[in-house]
Amino acid sequence: MIDLRSLRSDFPILDREVNGTRLVYLDSAATTQKPQSVLDAMDDYYRLHNSNVHRGAHTLAAEATEMYEAARGRVAGFIGAQPNDLVFVRGATTGINFIAYGWGLNHLKAGDKIIVTIMEHHANIVPWQLVSRITGAELVYLELNEDYTVDTSSLEGILDDKVKIISFSGMSNVTGALGPIKVLSDAARSVGAISVVDAAQLVPHTAVDVTDIDIDFLAFSAHKMLGPTGIGALWGKTERLEEMEPTEGGGEMINTVDRHESTWAPVPHKFEAGTPPIAEAIGFGAAIEYLEAVGMDVIEAHERELTAYALERLSEVPDLTIYGPKDVTLRGGAISFELGDIHPHDIATILDQDGIAVRAGHHCAKPLMQYLEIPATARASFYLYNVFEDVDALVVSLHKARELFGLT
Amino acid sequence: MIDLRSLRSDFPILDREVNGTRLVYLDSAATTQKPQSVLDAMDDYYRLHNSNVHRGAHTLAAEATEMYEAARGRVAGFIGAQPNDLVFVRGATTGINFIAYGWGLNHLKAGDKIIVTIMEHHANIVPWQLVSRITGAELVYLELNEDYTVDTSSLEGILDDKVKIISFSGMSNVTGALGPIKVLSDAARSVGAISVVDAAQLVPHTAVDVTDIDIDFLAFSAHKMLGPTGIGALWGKTERLEEMEPTEGGGEMINTVDRHESTWAPVPHKFEAGTPPIAEAIGFGAAIEYLEAVGMDVIEAHERELTAYALERLSEVPDLTIYGPKDVTLRGGAISFELGDIHPHDIATILDQDGIAVRAGHHCAKPLMQYLEIPATARASFYLYNVFEDVDALVVSLHKARELFGLT
Amino acid sequence: MSGLDELYREVILDHYRNPRRRGTLSGDYIHAEGNNPSCGDEFFLDIEVSGDTITDAAMQGYGCSISQASGSMMMDKIVGMPMSDLRELIHNFKLMMSIEEGDSPVDEDRPGSVLGDLEALQGVRKFPVRIKCADLPWATLTDALDQVSG
Amino acid sequence: MSGLDELYREVILDHYRNPRRRGTLSGDYIHAEGNNPSCGDEFFLDIEVSGDTITDAAMQGYGCSISQASGSMMMDKIVGMPMSDLRELIHNFKLMMSIEEGDSPVDEDRPGSVLGDLEALQGVRKFPVRIKCADLPWATLTDALDQVSG
Ligand SMILES: Cc1ncc(COP(=O)(O)O)c(C=O)c1O
Ligand SMILES: Cc1ncc(COP(=O)(O)O)c(C=O)c1O
């Protein structure tokens, strides 16, 4: 059994009490807590090196630029990528929007198809709806198997040379199901389409190497992997990034600007208009450093054990229904459930009284909720700092909820 | 004489040495330094309240949401606006792009005119070029008077009902010249156009009340006013924001999402897709609190004195040419200059050896450089923490540069 | 009483599980819809008005115990009421939930005393994030009223 | 010598103020353009090649003393050189500027010793942000070479 208990002291917030008891944070799929080293890295930047990047010949500017670009290198290295193929963006949402508007708009036409899955987060649905509305392309959904994994058998009837983009989640933030990366990227390639992976839940929890998985774009957020808010990464194959139109105009993304015409800087700068999130990039780099020091294999194994334990303990709670794969090799550590007729919002309130933080709602996945014919779920999700006692506390509190609502 | 010297100890970086001497930071137009209180506010958030906003029924989520929305209220209040009319964006650049794509795209058609001025930052040029390219609208430039202020007399020949947008800087980051807000917003109104103010350099240095100046949109960045990187604000009149199309799709900006259709959340949330820059918003709020405690009138008066002193001292340096108004009532504290045939980049390097940080280059204002027929300038710029000795140090170092380059 | 016991009173769970006047109206009626995008709760309201009086009402929707019980209790309260009294009822409710402030004929210590059964929702005040749950049906009712008054 | 004195050697200021071979070529020549968007420096290069030898060259551009002097010195150096030696020259220059690493016939302590006048640019190494200034003409030359070699 992997015990990462000693890491907990690196996370200041875990010392906090909520409603008079220890914080049991089971909401890492929404956002993760930050280790001291990430806060220190940003503080150090602001206290000693703060300056705008890329524009100055003075010492602070040179230091800030070097720190910013070193962070790019670190984040790129984490997914096996070249620094110049990694664009810093506001988060996974902005990353996917950049792909939709920057690549989609100028590659889609009426009648083309974009394939997504029914388990997507709104961040991987709404941008495609917006771009479809402009281009006349059609959004086609893959549905789910009995075990909540994506049903790729229906691809057969959909896949043709009208398909230009297959965009899917590497891991569902609702069911925890892993996305069929290989099947869908192969399918995309077979018809000359590109594959886009929404990796907001994948990259934080699993080692990902973009040279291993043959995809075209990948987007993720720092705040879901120990890093700060306000930053994420968009990775693309060099050729794909070069095919993309700039998504925002402004300083730093240009080569020349005349009154009426401009030319663009090389990627990745072409997509980083204006002052970038500098401190955030540095904090992101520090988060990666922390994750690498622990080891993604260790983190993944730890989460798998926790998830297996949680699935087992939760199955003992009467009236509890889990929405997601039972097989831990098919899933990550986000566990959605219902408890009898107790609304998830009520569950969250009751758990919160015991210091337990879970999400309740549609988890920004309304089409999935409609598909599963449920309006909402409660969701517990794990990260490296969670311990088995957190699961125990959850189960105790769920029994309390049953009692309060008179479930017998 | 206003002396804000005692504030300097609030800024940790000002204790730092650069190349063995005290840091003389004259690059606040690029980005400003941060007081301890701003760093503490973000640290406090991460250490005690970190959670995603708007989505959770647990205590941390409620606290984070309250802090985030309180920050919105504070930033809005700073410019005399209602919280719901203020959108948190990545920075001024993103703010202007949102206006260009969100409002411009669906209000412009071939033959329409967008008026900007020749003193604009690329952030207020390139987005309009991009949108013009799509819509067929035409970008028209106002040029400058002898004293570097915007020549509004040429409006006469341009102003007609083809004009849909007049977008201009409230203060130039190159010449320091204030923008003719009243003349241009009146002009816009007279032909039913909207007025957009790039306030990246204005709001940090002058009290702005959007109920006083009758404009439609205003954008600015936190990092240029003591706040963190990664966040800025886009303010718009309620009706204008409601006319805008969403600029990014994703979580939190929706009302309902079906497989093929979605509807949007009310403003400002409609424009805040995904996890917002939460810690950054809180830091932004703390920066505003700091500025309000000092008083914008005091800050403005202090900078005016510093600028007057600097203009006087610089005029004593042989071979030095200033590009900007001489009259301090027409300008802010960004001073661009050339020194004989010493390239600005060389000036910056020489000054840096004395710990003095200035910018050198085109300052993201290439059309202005072309117009002035200079390829680059050196620029010194001030903020509340600068003192008269900073100007003295600058002048001494400029004499040294002349010597090194053998100017006599 | 613990906060949770105060929140989940028996009468609330009863209304949650046995909502009054669930369904839709037919004929001539006013329809309004409310939803809470952050949690997904929905509330659909039909009211029938004859002269100045609400003569019938029906609700549909889905959501947590608080939003649904609040709606169910609201139904009980409004049928038979003169339209002219509705704004005050809404105000008194919002007063109890600390959504609105102001003078009112309300007992400081028991702001819900004029509200009958609805007083059971007073415990929600200790759970600020849940206030918007309790308010959803009332916001929908306000919407319906606005349709009538123009 | 202080860092600044080392950076702004007399020979550099001389090349800055009196750039060699400023202008353009006519007839048959290779043209390449380089610029440094972050500071605005520009460098335009024309080279004339006969057989394997650079027989003429001209430059235009604008920029700081370092980029312009580096270009001017480069002009002096390359005219008359066999094309086949250019890559090595560029490599040696980049070695001196610590842009590239590698074995070379270069003196560890005086990596610029094989470069003649250009050795004066060695002082730039102490100013890392200025290295890209010194490199601009050389990046442009590389571009010109790539045009020839395909
Ligand atoms: C006048 C002006 N507008 C816009 C910007 C862009 O601001 P940011 O880089 O923070 O997006 C700047 C800052 O460089 C500026 O000075
Ligand atoms: C699967 C998935 N995709 C995308 C996102 C959006 O990430 P962000 O809100 O950081 O932009 C999330 C996070 O909520 C997610 O879970």
Side-chain angles (χ1 to χ4, degrees), chain A residues 12-13 16 18-19 30-31 33-34 39 43 46-48 50-52 55-60 90-91 93-94 97 122-123 125-127 129-130 139 141 221 223 228-231 248-251 254 257 259-260 262 273-275 277-280 345 348-349 352 357 359-361 364 366-367, chain B residues 12-13 16 18-19 30-31 33-34 39 43 46-48 50-52 55-60 90-91 93-94 97 122-123 125-127 129-130 139 141 221 223 228-231 248-251 254 257 259-260 262 273-275 277-280 345 348-349 352 357 359-361 364 366-367:
Chain A
I13 207 170
R16 186 192 148 154
V18 165
N19 292 318
T31 200
Q33 299 305 337
K34 323 301 174 200
L39 306 184
D43 214 47
Y46 279 129
R47 287 165 154 279
L48 292 173
N50 177 64
S51 169
N52 216 323
R55 300 182 198 166
H58 60 78
T59 297
L60 295 183
R90 193 175 47 94
T93 300
T94 300
N97 276 278
H122 294 162
I125 294 177
V126 183
Q129 288 182 344
L130 291 170
L139 199 53
Y141 286 82
S221 294
H223 72 93
T229 52
I231 193 164
E248 286 190 3
I254 58 94
V257 177
R259 289 193 185 204
H260 299 285
S262 299
T275 304
I278 306 168
E280 291 76 7
H345 222 153
T349 294
D352 186 51
R359 282 278 132 167
C364 297
K366 283 202 160 201
Chain B
I13 207 171
R16 182 188 152 157
V18 165
N19 292 318
T31 200
Q33 299 305 338
K34 321 303 174 200
L39 306 184
D43 215 47
Y46 280 128
R47 288 165 153 276
L48 292 173
N50 176 63
S51 169
N52 216 322
R55 298 184 200 166
H58 60 75
T59 297
L60 294 184
R90 193 176 46 93
T93 299
T94 300
N97 277 279
H122 293 161
I125 294 177
V126 183
Q129 288 181 345
L130 292 170
L139 200 53
Y141 285 82
S221 292
H223 73 94
T229 52
I231 193 164
E248 285 190 2
I254 57 95
V257 178
R259 288 191 187 206
H260 298 284
S262 299
T275 305
I278 306 168
E280 291 76 7
H345 222 152
T349 295
D352 186 51
R359 281 279 132 168
C364 297
K366 285 202 160 200

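Below, read A as the first sequence line, B as the second, and so on, with proteins coming before strands; counting in each chain starts at 1.
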Might you work through the side-chain contact (heavy atoms from CB on, under 4.5 Å) test for Arg16(A) and Leu60(B), ending with a clear yes or no? CA-CA 10 Å; Arg16(A) 186 192 148 154; Leu60(B) 294 184; 3.5 Å; yes

With a 4.5 angstrom heavy-atom cut-off, which part of [X] approaches chain B: side chain, backbone, both or neither?
{"X": "His223(A)", "answer": "side chain"}
{"X": "Val257(A)", "answer": "both"}
{"X": "Arg259(A)", "answer": "both"}
{"X": "Ile125(A)", "answer": "side chain"}
{"X": "Ile231(A)", "answer": "neither"}
{"X": "Ser221(A)", "answer": "neither"}

Pair Asn52(A)-Arg359(B), side-chain contact (heavy atoms from CB on, under 4.5 Å): steps then yes or no: CA-CA 10 Å; Asn52(A) 216 323; Arg359(B) 281 279 132 168; 3.8 Å; yes

Please identify each residue that fulfils side-chain hydrogen bond (donor to acceptor under 3.5 Å, both in side chains) with Thr229(B), with sequence neighbours left out. Tyr46(A), Glu280(A)

Hits for side-chain hydrogen bond (donor to acceptor under 3.5 Å, both in side chains) against Ser262(B), two or more places apart or cross-chain, chain-then-number order -> Gln129(A)

If I take atom CD1 from residue Ile254(A) and atom NZ from residue Lys366(B), how far apart are they, to the nearest 0.5 angstrom? 5.5 Å

Within the side chain of Asp352(A), is there an N or O that forms a donor-acceptor pair under 3.5 Å with the backbone of Thr59(B)? yes

Residues Thr93(B) and Glu248(A): side-chain donor-acceptor under 3.5 angstrom: no

Applying a strict 4.5 Å limit to non-hydrogen atoms, the region of Arg47(B) in contact with chain A is both

